[in-house]
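Below is one structure; the comments refer to it alone.
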There are 2 protein chains.
Amino acid sequence: MATIGFRQHDHGQCIATALSQAEAKCAEQKLQFTPVRRRVLEILLDKHRAMGAYDILDILSAEGMGSQPPVVYRALDFLVQHGFVHRIERLNAYTACAHPTHDHVPAFLVCRECKAVAETETELTQGRLGSAADKTGFRIEKIVVEAEGLCPACAGARP
Amino acid sequence: MATIGFRQHDHGQCIATALSQAEAKCAEQKLQFTPVRRRVLEILLDKHRAMGAYDILDILSAEGMGSQPPVVYRALDFLVQHGFVHRIERLNAYTACAHPTHDHVPAFLVCRECKAVAETETELTQGRLGSAADKTGFRIEKIVVEAEGLCPACAGARP
DNA sequence: ACCCACGACGTTATAACATATCAAGCGAAA
DNA sequence: TTTCGCTTGATATGTTATAACGTCGTGGGT
Ligand SMILES: [Zn+2]
Ligand SMILES: [Zn+2]
Ligand SMILES: [Zn+2]
Ligand SMILES: [Zn+2]
């Protein structure tokens, strides 16, 4: 599985697989995969793009699952914490992880028009950033890599 | 000039140099280096860390240079646009560029405790991210690379 | 059975970050 | 001098995120 997001795929299958993987991982690690958490992940998988917390909240509240910000932020915190969802810093938004079965340092291609997101992985950690950290004694705990640009669809629509 | 930010330096000189470089570049490109813009850059250079827009605004307004958000956001837009300042997405904050004399793709080490920021450059653009972009036809326009962790001072204080 | 600790959730309020819009000032170009 | 473009002033509003505090249900120890 590599860069998905700008390619066709069986989306129903894609959602079902990801949900059951999440369920399995939570069972294994004794995490509570509660209805709200499950539904938030499902929404993110379904839309398959970066969504703002309040967009998600609108959907939740329309379904009677809580209508205040903390509801969705808590669910997102949980999902991010356990690697089911990534936060896109550039957009202050969230997207379901494309390869939740193994640990990784994600990198993203984010379309500035339609907000579609493709996730890949990065080798980084070494390179200039790593050596700069070493030289100064900085201890890296997390790395954010996000590329912004135009996806094929949006580039085609307005070349 | 490389990674500064976690090292000692003659800070008065550092500020003076950066300001006069900015002044020169604006003159050359017929940009207006207005008092507000100059002062905002100066504040960022002085603090030498990531600052939120409203932190800057507090200082400006204490000095009678405008007290509404648009004042500082307009100045920041200008400074970012022309490469004098970078936005740190991870913090929704801003920091003065450490090497404003040439174009570059900046990468940052950001201390999660004290918000100190060290800027280095990244080779990236190639690598897995670039090839993922090529494969899918995504056109990259901008790249954000930010590492979060503990700076030497904060790691020392609480090891 | 009882108590309690813990984690999740409900709710209110507020903090923090950012933009839309319209009007006024001001210097340079025409 | 008129016009134009850019900067700024001012008000209002939109968007994202967290603090604070109470409640509820589950599960473990007694
Ligand atoms: Zn991922
Ligand atoms: Zn697009
Ligand atoms: Zn820079
Ligand atoms: Zn620090």
Side-chain angles (χ1 to χ4, degrees), chain A residues 22-23 26-27 29-41 43-44 50-82 84-95 110 112 115 144 146, chain B residues 22-23 26-27 29-41 43-44 49-82 84-95 110 112 115 144 146 148:
Chain A
E23 203 156 352
C26 286
Q29 301 187 17
K30 303 218 190 296
L31 304 172
Q32 301 187 40
F33 198 47
T34 64
V36 174
R37 291 169 179 179
R38 181 190 179 90
R39 185 65 188 124
V40 169
L41 177 55
I43 289 167
L44 285 171
M51 296 183 72
Y54 282 74
D55 296 336
I56 298 168
L57 182 57
D58 287 345
I59 297 175
L60 285 183
S61 76
E63 296 170 354
M65 297 187 81
S67 53
Q68 295 74 31
V71 172
V72 70
Y73 279 103
R74 285 193 284 234
L76 288 169
D77 285 349
F78 172 89
L79 294 169
V80 168
Q81 193 83 28
H82 296 95
F84 303 123
V85 163
H86 298 294
R87 177 178 162 83
I88 308 294
E89 300 294 343
R90 181 66 217 247
L91 301 175
N92 296 328
Y94 303 82
T95 192
V110 182
R112 69 169 150 78
K115 310 302 186 224
V144 173
E146 297 173 7
Chain B
E23 202 156 352
C26 286
Q29 300 187 17
K30 302 219 191 295
L31 304 172
Q32 300 187 40
F33 197 49
T34 65
V36 175
R37 291 168 179 180
R38 181 189 179 91
R39 185 66 188 123
V40 170
L41 178 55
I43 289 168
L44 285 171
R49 71 193 337 91
M51 296 182 73
Y54 280 72
D55 297 335
I56 298 167
L57 181 58
D58 287 345
I59 297 176
L60 285 183
S61 77
E63 296 171 354
M65 296 187 82
S67 54
Q68 296 76 30
V71 171
V72 70
Y73 279 104
R74 286 192 285 233
L76 287 169
D77 284 350
F78 172 89
L79 294 169
V80 169
Q81 194 83 28
H82 296 96
F84 302 124
V85 164
H86 298 294
R87 177 179 162 84
I88 308 294
E89 299 294 342
R90 178 67 217 239
L91 301 175
N92 295 328
Y94 304 82
T95 192
V110 182
R112 68 170 151 78
K115 309 304 186 222
V144 173
E146 298 173 7
E148 184 175 341

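Throughout, a chain's letter reflects where its sequence line sits, starting with A, and its residues are numbered from 1. Remember, it's a predicted structure, so these values are computed and weren't measured experimentally.
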Going 5' to 3' through nucleotides 12-30 of chain C, assign each nucleotide B (protein heavy atom under 4.0 Å from a base atom), S (under 4.0 Å only from sugar-phosphate atoms) or - (no protein heavy atom that close).
B----BBBB----------

With rounding to the nearest 0.5 Å, note down the distance linking [atom1] in [X] to [atom2] in [Y].
X     : Y     : atom1 : atom2 : result
B:R87 : B:N92 : CZ    : CG    : 4.5 Å
B:I56 : B:L76 : CD1   : CG    : 4.5 Å
A:E23 : A:L31 : CD    : CG    : 12.5 Å

Of all of residues 34-41 of chain B, which get a heavy atom below 4.0 angstrom from DNA chain C, listed by number?
none

To the nearest Å, how far apart are [X] [atom1] and [N] [atom2]?
X      : N      : atom1 : atom2 : result
B:L31  : D:dT7  : CG    : C1'   : 13 Å
A:F78  : C:dC9  : CZ    : C1'   : 14 Å
B:L57  : D:dA10 : CG    : C1'   : 13 Å
A:K115 : D:dT15 : NZ    : P     : 13 Å
A:K30  : D:dT26 : NZ    : C1'   : 14 Å

Where do B:L41 and B:F33 land on the side chain to side chain contact (heavy atoms under 4.5 Å, CB included) test, with the steps shown first?
CA-CA 10 Å; B:L41 178 55; B:F33 197 49; 3.9 Å; yes

Non-neighbouring partners of A:Y73 that pass ring pair (Phe, Tyr, Trp, His ring centres under 6.0 Å), sequence neighbours left out
none

Please enumerate all residues that pass ring pair (Phe, Tyr, Trp, His ring centres under 6.0 Å) together with B:F78, with sequence neighbours excluded.
B:H82

Could you list the residues that satisfy side-chain hydrogen bond (donor to acceptor under 3.5 Å, both in side chains) with A:D58, not counting sequence neighbours?
none

Residue set satisfying side-chain contact (heavy atoms from CB on, under 4.5 Å) with A:R90, at least two apart, ordered chain then number -> A:I88, A:E146, A:E148, B:E89, B:K142, B:V144

